[in-house]
Structures are given as structure tokens and as C-alpha cells.
Amino acid sequence: MKADQFINIIGSDFFTGVPDSQLKPLCNFLIDKYGIDEKHHLIAANEGNATALAAGYYLATSKIPVVYMQNSGEGNIINPVASLLNDEIYGIPCIFIIGWRGEPSIHDEPQHIFQGEVTCKLLEVMDIKYHVIDRLTDADEIKATMDYFKNLLNRGKQVAFVVRKGALEYDKTVIYSNENNMLREEIIAHIVAVSKNDPIISTTGKISRELFEIREKLGQNHSHDFLTVGSMGHSSSIALGISSQIPEKKVWIIDGDGAALMHMGSMAVIGASSPNNLVHIVINNSAHESVGGMPTVAGKINFVSIAKGCGYKNAVCVSTYDELDDILAKAKYQNELSFIEVKSALGSRDNLGRPTTTPKDNKVVFMQTLQS
């Protein structure tokens with residue numbers, strides 16, 4: 001069904017969440033109608049953040065908020081749902097709209113398979129009644145569901161719509177762009193050229209996909225790379241855990257702005273630990289590009305100041321390839337914790353592939369390389 005029709009039936013006028021490719025029609029509709037507007041639509045750092053924002057909206061207005069997310073974000077909402085929203089605590093009503101990646105019997109990437117299996121089970125454990133919508137769902141079905149949901153919401157409970165692939169559509173095209181010039185895949189190629197045989201931990205989404213294809217293009221193996229295909233926002237913590245055990249090796253993180261924002265507290269832990277063999281690179285295109293291109297707040301904050309405030313010894317921002325090459329060469333041989341923000345354009349190749357090795361294969365060869 002049409003995303004705008006779906007939202008009109010729900011009847012809420014405040015939306016927050018983290019974008020999902022399966023919910024792209026919904027996300028495009030919200031951007032088209034509201035843009036980014038603190039009164040009506042905020043893109044959150046993570047799904048728990050969105051849930052708390054929704055709670056604040058309800059406390060201020062007594063009106064029902066909507067939180068949208070990919071099902072991978074269910075883990076981030078468990079704490080605020082169980083200890084804040086739950087009707088035995090504050091009883092704050094909320095409607096969740098959840099993109100169902102990894103639905104059983106539907107082919108998907110490895111990181112979505114188990115999450116897909118437990119998507120509805122997690123909602124049941126959290127006492128959240130849900131309704132699954134698909135391509136055949138019509139307005140009458142949504143209206144009937146909302147009539148049922150309203151009784152639950154009035155009792156301070158939470159409800160959810162679980163959205164199957166292709167269930168929503170939106171006719172208008174929304175274009176996302178920025179004013180940066182460097183291409184992300186080329187940026188990663190420059191990092192690979194300097195890091196050589198050093199370990200690289202890359203974040204989920206297109207960054208890991210592009211790193212994999214760069215190695216293929218160069219005829220190199222993938223034994224030096226840990227491709228974090230899931231657990232968005234945790235690559236930097238993985239890298240800190242690695243770097244602390246192999247202080248003789250330089251360790252590189254290739255992060256995205258959305259991922260860095262999602263669990264920014266990890267930067268404080270990294271800065272406080274101050275490993276002198278770690279280089280944290282954030283490729284910043286101010287967008288959740290891997291799931292459709294909706295903006296992040298990374299275009300409005302100063303990552304370098306944040307990194308310095310967290311204790312990174314060296315922190316810089318670059319916007320040209322010459323600047324990038326110069327700072328990468330310095331970071332390679334500096335014996336101090338480094339942070340590099342790289343301003344990047346949006347966009348990727350239409351024929352960008354996905355890793356042809358499994359996550360377990362990647363883990364095994366990466367561990368063998370680290371421990372050899």
C-alpha cells in the first residue's frame with residue numbers, strides 16, 4: 001500500500017527512528033512531507049535514542065508517537081521498552097514500524113538471518129502486539145488493526161507493524177546529496193594503499209562491500225580485513241579489543257558517520273584507553289546511504305572536536321585526496337591514537353557487489369592472520 005495512506009490511517013504526527021532500506025518508501029514520504037523537523041520528524045542516532053525521543057514527545061503532548069527501524073534495531077529498544085515505556089512502569093504508548101529483514105524463507109544477507117527469525121519473538125517477549133503487513137495489505141485491514149491497537153495504546157501499551165519486503169510504496173522520488181567531492185570507494189582504496197598488511201576493521205554496509213571489491217580488483221586476499229556485516233556502530237569497539245592485544249600492529253577502523261553516531265560512547269572509551277596503534281577513520285557523507293540516503297546529523301556536528309574531547313591525540317578533517325594521502329602517511333607511522341574524518345560525496349556504483357565469502361570464513365582467516 002501507499003506509504004502516505006498508511007501513515008494517514010495511523011494518525012500520528014511525530015516520527016523518529018533510524019532509516020531502513022525496506023522502509024525506504026516510508027522514509028522518503030516523511031522527508032518529503034516534513035523534512036527534518038523537531039516538531040514532527042527526527043532521525044535518531046540509534047533506535048533506543050528514538051524510543052526515548054518518542055517518550056518525551058508523549059510526555060509533552062499526550063499524543064501517540066511513531067518509531068521506525070530495521071528489525072536489527074530491536075536490540076537497541078529492549079532497555080527503554082522494558083524499563084521506561086512498559087505499562088507496569090510509566091505506561092507510555094508507542095507505535096513501532098519495523099522493516100522485516102531476514103524473514104524466514106526470504107533470501108537475505110547472513111547478518112539478517114537470525115534477526116529475521118527472532119523478530120516477532122522479541123516483540124512477543126516485550127509484550128508488544130504486532131501486525132504483519134505485506135503487498136496485499138489494504139486500507140481496511142490497517143484501519144481494523146488500528147481500531148484494535150488504539151485500545152492497547154490507551155492502556156499505555158506499545159504496538160508494532162512488521163513490514164515485509166515490498167509492502168509499502170511511494171510514488172515521488174526524493175534525491176539526497178551533499179556538496180562533497182571525494183568518492184567513498186576511492187577513499188577506501190587510498191586507505192588500503194597505505195595500510196598494506198595492517199588489520200582493517202570496516203563497518204557494516206557499503207563500506208565493507210567496497211573494501212571487499214577493492215581487494216578483489218587488486219588481486220589481494222581478504223585475510224587482513226574484518227568485515228563487520230552487522231552490529232552497526234560497534235566496529236570501533238571491535239577494533240579497540242583487537243588493538244589492545246596486538247600493540248605491535250597498526251589497526252585501522254573504517255567507520256561511517258551513521259555508525260559512529262549510533263554508539264558514539266565508544267569514542268570516549270577509545271580516547272580514555274588511548275591505544276597508540278589505532279587509526280579511527282570516519283567517512284562522513286552525512287547520510288545513511290546504505291539504507292537509502294536519508295540524512296544523519298553528522299553534517300551539523302564537529303567530529304574532530306568530539307574526538308579531541310574524548311582524548312584522541314591526533315584528530316583532523318580532510319576533504320581532498322591530497323590531504324587524505326598526507327594524513328594517512330603520517331598516521332601510518334605515528335605512535336599515537338589518531339582520528340581522521342573524511343568528507344565524502346554520496347553515491348556508489350550501480351554494480352557494487354557483496355562479499356562472496358561467509359562471515360565465518362572471514363572470521364577464521366582474519367584470526368589466523370592476526371595470530372600468525
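Only heavy atoms go into these numbers, but all of them, side chains included; no hydrogens, no water, no symmetry mates. Counting begins at 1 with the first residue of the sequence. Just so it is clear, the structure is predicted and the values come from calculations on it, not from any experiment.
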query = Are L278 and I306 linked, directly or through other ILVMFWY residues, by side chains that come within less than 4.5 angstrom of each other?
reply = yes

task = Taking the side chain as every heavy atom from C-beta outward, state whether T296 and I43 have any atom pair closer than 4.5 Å.
result = no

message = Check whether Q22 reaches the backbone of W100 with its side chain - one donor and one acceptor, N or O, closer than 3.5 Å.
response = yes

Worked check of side chain to side chain contact (heavy atoms under 4.5 Å, CB included) between M267 and H280 = CA-CA 9 Å; M267 289 180 62; H280 189 177; 4.1 Å; yes

query = Nearest 0.5 Å, what's the CD1-OG distance between I253 and S236?
reply = 5.5 Å

message = On a heavy-atom basis, which atom in P65 and which in K63 lie closest, and how many Å separate them?
response = CD-O, 3.4 Å

note = In terms of heavy-atom contacts, A287 and G293 come closest through CB-O, 3.7 Å

query = Is T356 close to F212 at the side-chain level, that is, under 4.5 Å between some pair of heavy atoms?
reply = yes

inquiry  = Can you tell me how the ring of H263 sits relative to the ring of H234, calling it parallel under 30°, perpendicular over 60° and tilted otherwise?
reply    = parallel

Cluster check L337, I246: I/L/V/M/F/W/Y, side chain < 4.5 angstrom = yes

ask   = So, the side chain of E341 versus the backbone of V318: is there a donor-acceptor pair under 3.5 Å, distance only?
value = no

message = Working to the nearest 0.5 angstrom, can you tell me the gap between I281 CD1 and T203 OG1?
response = 13.0 Å

key: Sole candidate of R349, K206, R209, K217 that passes salt bridge (charged side-chain N to carboxylate O under 4.0 Å, His left out) when paired with E185   = R349

query = Going through the distances and angles, do K143 and D147 end up as a salt bridge (charged side-chain N to carboxylate O under 4.0 Å, His left out)?
reply = CA-CA 6 Å; K143 288 176 182 177; D147 286 341; over 6 Å; no

query = Rounded to the nearest 0.5 Å, how far apart are CD1 of I77 and CG of L84?
reply = 12.0 Å

inquiry  = Please check this pair: side chain of Q111 against backbone of V229, looking for a donor-acceptor N/O pair closer than 3.5 Å.
reply    = yes

query = Is there a donor in the side chain of N362 and an acceptor in the side chain of T357, or the other way round, less than 3.5 Å apart?
reply = no

query = Can you tell me if NZ on K172 sees more than 12 non-hydrogen neighbours from other groups inside 6.0 Å?
reply = no

Check: H40 side chain, F14 main-chain N or O, donor-acceptor pair, under 3.5 Å = no

request  = Could you verify whether a donor N or O on one side chain and an acceptor N or O on the other, from T228 and T204, lie under 3.5 Å apart?
outcome  = no

inquiry  = Less than 4.0 angstrom from a charged side-chain N to a carboxylate O is my criterion; do D225 and R215 meet it?
reply    = yes

key: Note, V269 side chain near S237 side chain (heavy atom, < 4.5 Å)   = no

query = Mind checking whether I113 and I106 sit in one hydrophobic cluster, side chains of I, L, V, M, F, W, Y counted as touching below 4.5 Å?
reply = no

inquiry  = Quick test of your reading of the model: are K39 and D13 salt-bridged, counting only N-O distances below 4.0 Å?
reply    = no

key: R164 and E103: CA distance, side-chain angles, deciding distance, salt bridge (charged side-chain N to carboxylate O under 4.0 Å, His left out) verdict   = CA-CA 8 Å; R164 285 180 163 142; E103 180 185 355; 2.6 Å; yes

ask   = So do I97 and L26 actually touch side chain to side chain, heavy atoms under 4.5 Å?
value = yes

request  = On the 0 to 90° scale, with breaks at 30° and 60°, tag the F161-H131 ring pair as parallel, tilted or perpendicular.
outcome  = perpendicular

query = Does the pair I340 and V279 meet the rule for a side chain to side chain contact (heavy atoms under 4.5 Å, CB included), with working shown?
reply = CA-CA 8 Å; I340 306 170; V279 182; 4.0 Å; yes

key: Carboxylate-amine/guanidinium contact R101 E109, below 4.0 Å   = no

inquiry  = If you count heavy atoms of other groups shown closer than 6.0 angstrom to NZ of K332, is the number above 12?
reply    = yes

key: Gap separating the CD1 atom of I98 from the CE atom of M69, nearest 0.5 angstrom   = 5.0 Å

query = Out of curiosity, R354 CZ to E213 CD, how far, rounded to the nearest 0.5 Å?
reply = 10.5 Å

request  = Using modelled atom types only, decide if a donor and an acceptor are shared between the side chain of S319 and the backbone of K343 within a distance under 3.5 Å.
outcome  = no

key: Note, V66 side chain near F96 side chain (heavy atom, < 4.5 Å)   = no

key: Exercise: do N276 and E336 side chains pair donor with acceptor under 3.5 Å   = no

request  = Using a strict cut-off of less than 4.0 Å between a Lys/Arg side-chain nitrogen and an Asp/Glu carboxylate oxygen, indicate whether D20 and K24 qualify as a salt bridge.
outcome  = no

ask   = Same hydrophobic cluster for M294 and F29, using side-chain heavy-atom links shorter than 4.5 Å among ILVMFWY?
value = yes

request  = For N154 and K150, indicate whether the former's side chain and the latter's backbone hold a donor-acceptor pair under 3.5 Å.
outcome  = yes

key: Side chain to side chain, V297 and L261, heavy atoms closer than 4.5 Å   = yes

request  = Keeping the roles fixed (side chain from S344, backbone from N285), state whether a donor-acceptor pair exists under 3.5 Å.
outcome  = no

request  = List the steps and the verdict of side-chain hydrogen bond (donor to acceptor under 3.5 Å, both in side chains) for Q115 and N71.
outcome  = CA-CA 7 Å; Q115 182 70 58; N71 54 346; 5.5 Å; no

ask   = Do I89 and L59 share a hydrophobic cluster (ILVMFWY, side-chain heavy atoms under 4.5 Å, transitive)?
value = yes

key: Among L153, L152, L85, V159, the one residue meeting side chain to side chain contact (heavy atoms under 4.5 Å, CB included) with P93   = L153

query = Quick one: does P275's side chain get under 4.5 Å of L240's, heavy atoms only?
reply = yes

task = Salt-bridge test for D198 and K250: reply yes if a basic N is under 4.0 Å from a carboxylate O, no otherwise.
result = no

key: Heavy-atom donor-acceptor pair, S12 side chain to I64 backbone, under 3.5 Å   = yes

key: Salt bridge flag under 4.0 Å for residues E124 and K129   = no

query = Is a side-chain donor-acceptor pair under 3.5 Å present for D322 with T320?
reply = no

ask   = Is the backbone N or O of G205 less than 3.5 Å from a side-chain atom of S208, with the two atoms forming a donor-acceptor pair by type?
value = no

query = Which distance, rounded to the nearest 0.5 Å, do you find between the NE2 of H112 and the OG1 of T119?
reply = 10.5 Å

Salt bridge (charged side-chain N to carboxylate O under 4.0 Å, His left out) between D87 and R155, worked out = CA-CA 7 Å; D87 60 310; R155 289 157 45 197; over 6 Å; no

task = Kindly give the heavy-atom pair with the smallest separation between A345 and N178, and that separation in Å.
result = CA-OD1, 3.5 Å

task = Decide if atom CG of N351 counts as having more than 12 heavy atoms of other residues, nucleotides or ligands within a radius under 6.0 Å.
result = yes

ask   = Taking the side chain from K249 and the backbone from L370, do they hold a donor-acceptor pair closer than 3.5 Å?
value = yes

request  = Report yes if some heavy atom in the side chain of P199 is under 4.5 Å from a heavy atom in the side chain of W252; otherwise report no.
outcome  = no

query = Under 6.0 Å between the ring centres of H41 and F15?
reply = no

query = Going by atom types only, do H190 and Y321 share a side-chain donor-acceptor pair under 3.5 Å?
reply = no

request  = Verify whether the ring centers belonging to F366 and H224 lie closer than 6.0 Å.
outcome  = no

